[in-house]
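Step one of this worksheet: look at the structure below.
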Amino acid sequence: MKEELTTDQQIRRKTIKAFIGFGIATLIPVSIWKWITKSPYLNNALAPLRKNFEFNEKLTAKLLSNSRLAPTFPLSDVPKKIRSNGTEGLISPLEKDYKIKIESGEMKFEITLDELKILPKHEIIYEFKCVEGWSQIQHWGGVKFVDFMNHYKVGQKDAENLFEYVGMETPDGKYYVGIDTPSAVHPQTILAYEMNGEPLTNLKHGSPLRLIIPVKYGIKNLKRIGVIKFSDSRPKDYWALFGYDYFAGL
Ligand SMILES: Nc1nc2c(c(=O)[nH]1)N[C@H]1C(S)=C(S)[C@@H](COP(=O)(O)O)O[C@H]1N2
Ligand SMILES: [Mo]
């Protein structure tokens, strides 16, 4: 039943095909986005991001690149001895009344670890990678960074936009990292207070609270969080000052 098509008909068919193709192409990012926001507590505070997702090409690209999930592993793959590296900002004794200082726009406040622990706990077993060339499967537990942002309504510049960066520092200010917000809100980024299913008590591993950010190299996984602040200007970053790539993404 081969039919002869007029040029007009051919053009029409091609247009329809192109239209369907375009429709499918736009569905891909939308479905990735839906997957990011599947978590119920993501919806509200990330609604502003959704707008950016549609209108801000740069952010869209970043979000897409960060919507990849790092591979996870079974508990049996976790070695008994967890490697430790880097003690900047961990030497001074931890203050007895340890609190995390938060800054976001006009907001400035402090929270305790117990307050943070009210939020849902998430665990991850993934391959931690240090730029120095070693990697190890590790098991961490804590609060999703995006849950923390939503719960305390921080990181929001206005009704439509998030601040572009998150800066974190040790309480003594001797180690510090800057994280792009799309990586901070990645579903696997957590404020970790557990290692190997137990409270993180080891000071060398960042007790009482550290960052676990599987989309970045080890250098960005700040141990002993004292300060979390949101900004549009790039926060200073310890290793970037030594010439390492600012984003240190994986
Ligand atoms: N406060 C602080 N955090 C830090 C570092 C550091 O020196 N000080 N080193 C980083 C580096 S280079 C790595 S590889 C990881 C190591 O984490 P671990 O000791 O729990 O294995 O912590 C990161 N976070
Ligand atoms: Mo590292």
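In each ligand, atom 1 is the first atom listed, and ligand 1 is the first ligand listed. When reading the values below, keep in mind they use all heavy atoms of this one structure, side chains included, and skip hydrogens, waters and symmetry mates.
The nearest non-hydrogen atom to atom 22 (O) of ligand 1, considering only Lys223, Met195, Arg224, comes from Lys223. When the heavy-atom distances from atom 11 (C) of ligand 1 to Pro171, Gly218, Gly86 are ranked, the shortest goes to Gly218.
If you look at Lys174 next to ligand 1, there are no close heavy atoms at all, none under 4.0 Å.
For Lys129 and Tyr217, the positive end is not near the middle of the six-membered ring at less than 6.0 Å and at most 45° from its axis. A cation-pi contact, defined as under 6.0 Å to the ring centre and within 45° of the axis, is absent between Lys223 and Tyr175. Remark: Arg234 qualifies as a cation-pi partner of Tyr246 under the 6.0 Å distance and 45° angle criteria applied to the six-membered ring.
Side-chain contact of Asn150 with Asp147: a donor-acceptor pair under 3.5 Å is absent, judged by distance alone. With 3.5 Å as the limit, one finds a donor-acceptor pair spanning the side chains of Ser135 and Glu127. Judged purely by distance below 3.5 Å, without hydrogens or angles, the side chains of Glu132 and Trp134 never pair a donor atom with an acceptor atom. For the residue pair Ser207 and Asn202, no side-chain donor N or O sits within less than 3.5 Å of a side-chain acceptor on the partner.
Looking only at side-chain heavy atoms (C-beta outward), Leu200 and Trp140 come within less than 4.5 Å of each other. Thr170 has its side chain out of reach of Ile225: every pair of non-hydrogen atoms, C-beta onward, lies at least 4.5 Å apart.
For the pair Glu169 and Lys174, the salt-bridge criterion is not met [side-chain N within less than 4.0 Å of a carboxylate O]. Ion pairing between Asp180 and Lys216 holds under the 4.0 Å rule for side-chain N and carboxylate O.
Checking only distances, Glu132 never comes within under 3.5 Å of ligand 1, N or O to N or O. Between Gln138 and ligand 1, a contact under 3.5 Å exists for no N or O pair. In terms of N/O distances under 3.5 Å, ligand 1 is approached by Asn221. For ligand 1, none of its N or O atoms has an N or O atom of Thr170 under 3.5 Å away. The shortest N or O to N or O distance between Glu88 and ligand 1 is under 3.5 Å.
Nearest protein heavy-atom contact of atom 12 (S) of ligand 1 is Ile219 CG2, 3.5 Å. Arg210 NH2, 3.3 Å is the protein heavy atom nearest to atom 17 (O) of ligand 1. Closest to atom 16 (C) of ligand 1 among all protein heavy atoms lies Asn85 O, 3.3 Å. Scanning the protein for heavy atoms near atom 5 (C) of ligand 1, the closest one is Tyr175 CZ, 3.6 Å. Of the protein's non-hydrogen atoms, the one nearest atom 21 (O) of ligand 1 is Arg83 O, 2.7 Å.
Set against the non-hydrogen atoms of Phe128, the atoms of ligand 1 under 4.0 Å away are 14 (S), 15 (C), 16 (C), 17 (O). Listed by number with element, the atoms of ligand 1 under 4.0 Å from a non-hydrogen atom of Cys130 are 14 (S). Listed by number with element, the atoms of ligand 1 under 4.0 angstrom from any heavy atom of Leu90 are 1 (N). For ligand 1 and Lys204, the ligand atoms under 4.0 Å from any heavy atom of the residue are 19 (O).
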